[in-house]
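Counting starts at 1 for both ligands and their atoms, in listed order.
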Amino acid sequence: MLLIRGAMLPDFETGTTTQADVLIRDGRFAAIAPHLEADCPIVEASGLLMLPGMADLHTHMVQSLTQGPLDDLNITQWLTRMLQAQWSLTEDEWYYGVLLGCLRSIRYGVTAINEMTYYPHIDAVVQAYQDAGLRVTFGIGATDIAENDQIRVTPVDECLRQAEELYHKWHGRGLLRTAAVPQGRPACTPELMRALKQFARERGLLYHTHLAEGKAETERIRAWTGRGEAEELAHLGVLDESTILAHSIWLTQEEITLLAQSHAVVAHCPSTNMKLSDGAPPIAELLASGARVGFGCDGEASSANRDLLREARLGSYLQKVRTLDPTVLPAGQCYAMLTEQGMRALGYRDVGRIAEGWQADFSLVRTETLCTVNRRRILTNLLYAGSGEQIDSVYVQGRPLLRNGQFVHHDLEHILQRCEEITARIERTLA
Ligand SMILES: [Zn+2]
């Protein structure tokens, strides 16, 4: 048991907070009341904001090692060099890269990620997820069309074998879940897109892919098929409530309606969209049509960022300026997308809210350094002027992963030192 005493609990609809004590038992919120007594360890949280755990809906964690040398390149150079760097990694380097990415997510209050990873050294990748301690839904990014000479294509049968291997070894083990993960229609034949969806449906798994990220790729799909990319995915029968679509930028109005009707979830990754000049996705229109949307930090080779709160701020601002409408993507909606709605997109029905009976994923956030004298409005201020740097402690199922800004189970200095050596080696490889 654990008692969190005197934290500020948020109400995202009103934008206000209420002070309360929260008792955690067996990994769940057991009681919430103004004053609780319990014979157990106590965390004094007066002045701290308690946020539900956040869900990052689109990640490539190994790219924590390729942040930097790929900045400000055109998209062709970016993809080629990113893959060159990625394929040069040893098993040990994969482990440290993925671990660092996961720890950075935890540092910023993320307790669940949706990860597209790659096959070589998959055991080391999974070891890193487990050692990090957060919830991970993951799959091998499958591709059977070579977009450039660095792409490693895999036949449909082998992609299915890999997905099956992952499913049997790790699905449901601890906090791990596996998914079916085709990289996207520009990199996958209709056979592969369909086969992985069938695989996912038969096992009740998520289906995670990229959609309409680049204008040129989307035009290529239209030239191949006569359909927009979302229309093509609907035609292939792969859109439903268990499908997560990263980016979703180049959509027609008909495709926006189609995505809303399918109940598929769009993972909005604004840093990547802006930094790679992909374009600004029609998130305001998607939300107005009733589509489900969450946020993702993507890989750091493109976004340079694992701070999901900052990502939500950028996403909100991008839509406000795109539509010339300051009412779109308000703070309360951003928080709901970051927490309960994001967790629901990943299939968690009892994670992402601080309420009795729900799983105890949460963070404690320092508020004394926020840029405001209005204590009643710290939620909007945290989103619009703060950052994940304000997060002090992070718990998953009531288990602390970060406390007082320090990782409980990891020596960050050692991990950073190892990763610095690896990135220096990558820079030499790319030179
Ligand atoms: Zn991606």
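- Qualifying side chain to side chain donor-acceptor pair (under 3.5 Å) partners for Thr429, counting only residues two or more places apart in sequence or in other chains: Arg425.
- Within a radius of less than 2.8 Å around the Zn ion (ligand 1), the protein N, O or S atoms are His58 NE2, His60 NE2, His210 NE2.
- For the side chain to side chain contact (heavy atoms under 4.5 Å, CB included) test, residues two or more places apart in sequence or in another chain that qualify with Ala142 are Cys159, Leu192, Leu196.
- For the residue pair Asp278/His247, the side-chain donor-acceptor check at 3.5 Å is not satisfied.
- Checking Glu115, His208, His268 one by one against His58, the side-chain hydrogen bond (donor to acceptor under 3.5 Å, both in side chains) holds for a single residue, His208.
- A search for side chain to side chain donor-acceptor pair (under 3.5 Å) contacts involving Thr16 returns Thr14, not counting sequence neighbours.
- For the residue pair His235 and Glu231, no side-chain donor N or O sits within less than 3.5 Å of a side-chain acceptor on the partner.
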